[in-house]
**Student:** 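Here it is, the structure, as structure tokens.
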Amino acid sequence: MTSSEHHEPEPLTLSMPRIVPQAEVEAAQDAVREDPNPAKVDREAIRALERRLLGSERTMRRREVAAGAGVSLLSARKLWRALGFPNLGDEDVAFTQADLEALTTIIDLVREERLTEEAAISITRSIGQMTDRMVVWQVEALVEEMVHQLGITDAEARKRLVTELPDLIEPLEKVLLYSWRRQLNAGVARLTVRAEAGLGAAGEHDDDSLPLLRAVGFADLVSYTSLSRQMNEKTLAQLVQRFENRCAEIISVGGGRLVKTVGDEVLYLASTPQAGAEISLALAKAMADDDLLPSARVGMVWGGIVSRLGDIYGPTVNLASRLTSLAEPGTVLVDSTTAATLAGDERFVLMPQKVRTIRGFGEIHPVTVAHGRGTGLVVD
């Protein structure tokens, strides 16, 4: 191919690192060297960013916002606490017109009887908790990238981020809204499928039953505690992030839902025992095949659960956790009831293990699940 021939650009993939031009790296480093007060934050830049994020200057006190929404200060404070806002005094000028509009929006849902007060507070809390975690995650990711790509210190990156965030607000906001709509649509689709399949309840006429039937799984890294003592904070954070990313990808491709991550462990759900088993096997295999991660133990149980505030509860969750601690590294362990739902499916090989006694459950009959026929869950 001659130099005059056209070269198609390489396709951008999520696995490709962003290549920062050398001129941008040098400019960033020069700016740091030339800054007479490298530790001093640009207060005017912060004020400008705040006006951009909040929509205007802070001009209102909390009683003025509550009165504008037509509710008592007590009711307003309940919603602000649900969003995770700090306590403020009566004389603190801390609110904008956007705060009044948001409060009015939530209150109107209750006034129009589209939500009860309890439901409004619960939903508001879900928004507050999720967006708080999301913002912390995004800020740390941006800071880490600048440190790595530009070769500057953590403190310098945080200072620089204040000036770069304005260009990111609109695209991040668009992706957030897009993702929320897609996730809500997926949730509705799951409800519909389960209702049509008759999988919605664990005995709809049994008042003692838990309301949702789900495959509940845990996966945790083997020897995480000893590894954490040997690693510095940065290396440990990279290991945990790699584990979380791999798990999130596999669970998503398998049609499940990542409920939460707690250090070296992930908790996930699937709508059928077969989907749960496929995800569980894929998780165990992925960790075993990854040279940078230790093996994982996986436990999975099909049974009833209670879902509250994005988390899940019940004996099924507890049993899945106990089975995880009993599993051998790189294997998936289920109980006999779950194994019975997988029996006869050629995709799975079931190997009964010795009877174990677990506090709170008595004797259980663990069963190891292995790959049978088929390719298993493929993450391309």
Side-chain angles (χ1 to χ4, degrees), residues 182-203 209-220 243-262 265-287 296-308 310-324 327 331-350 366-372 374-380:
R182 289 287 299 187
Q183 295 288 3
L184 187 58
N185 180 70
V188 172
R190 288 193 296 269
L191 286 175
T192 304
V193 169
R194 293 187 63 80
E196 291 176 346
L199 296 173
S209 66
L210 297 178
L212 301 173
L213 275 175
R214 295 289 189 274
V216 178
F218 282 92
D220 74 359
F243 173 62
E244 288 183 357
N245 290 345
R246 291 294 290 136
C247 289
E249 184 179 33
I250 290 167
I251 293 166
S252 176
V253 170
R257 180 171 76 85
L258 176 60
V259 178
K260 63 181 177 182
T261 302
V262 183
E265 186 173 65
V266 296
L267 169 60
Y268 57 94
L269 290 176
S271 296
T272 67
Q274 291 76 21
E278 291 275 28
I279 291 171
S280 299
L281 289 168
L283 288 172
K285 184 177 186 300
M287 302 311 131
R297 289 183 291 256
V298 184
M300 195 269 287
V301 175
W302 170 253
I305 62 168
V306 173
S307 178
R308 289 290 184 274
D311 206 344
I312 58 173
Y313 307 90
T316 298
V317 181
N318 297 336
L319 180 55
S321 178
R322 300 289 182 86
L323 286 171
T324 304
T331 67
V332 177
L333 205 60
V334 302
D335 67 322
S336 58
T337 301
T338 304
T341 67
L342 303 174
D345 192 322
E346 294 185 344
R347 292 174 295 175
F348 311 111
V349 175
L350 305 174
V367 178
T368 297
V369 181
H371 277 297
T375 59
L377 186 62
V378 177
V379 181
D380 54 15

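Note that these values count all heavy atoms, side chains included, but never hydrogens, waters or copies made by symmetry.
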**Student:** L213 versus W302: any side-chain heavy-atom pair under 4.5 Å?
**Tutor:** yes

**Student:** With distance as the sole test, does Q274 use its side chain to make a donor-acceptor pair with the main-chain N or O of T341 at under 3.5 Å?
**Tutor:** yes

**Student:** Below 4.5 Å, heavy atoms only, C-beta onward: do R257 and S271 meet side chain to side chain?
**Tutor:** no

**Student:** Could you tell me if N318 and S321 have a donor-acceptor pair between their side chains, going purely by distance under 3.5 Å?
**Tutor:** no

**Student:** I need the minimum non-hydrogen distance between Y268 and S280, along with the two atoms involved.
**Tutor:** OH-OG, 2.6 Å

**Student:** Side-chain contact test, heavy atoms from C-beta onward, threshold under 4.5 Å: evaluate it for S252 versus L258 and give yes or no.
**Tutor:** no

**Student:** Show, in sequence, the C-alpha distance, side-chain angles and deciding distance for V298 and T324, and conclude whether the side chain to side chain contact (heavy atoms under 4.5 Å, CB included) test is met.
**Tutor:** CA-CA 5 Å; V298 184; T324 304; 5.9 Å; no

**Student:** With side chains defined as the heavy atoms from C-beta onward, is the minimum distance between V259 and D311 less than 4.5 Å?
**Tutor:** yes

**Student:** Could you pull out the closest heavy-atom pair between S336 and V367, with the gap in Å?
**Tutor:** CA-CG2, 4.4 Å

**Student:** Heavy-atom distance under 4.5 Å between the side chains of V317 and F218, does that happen here?
**Tutor:** yes

**Student:** Does a side-chain heavy-atom distance below 4.5 Å link V216 with L269?
**Tutor:** yes

**Student:** Any non-hydrogen side-chain atom of T368 less than 4.5 Å from a side-chain atom of V332?
**Tutor:** no

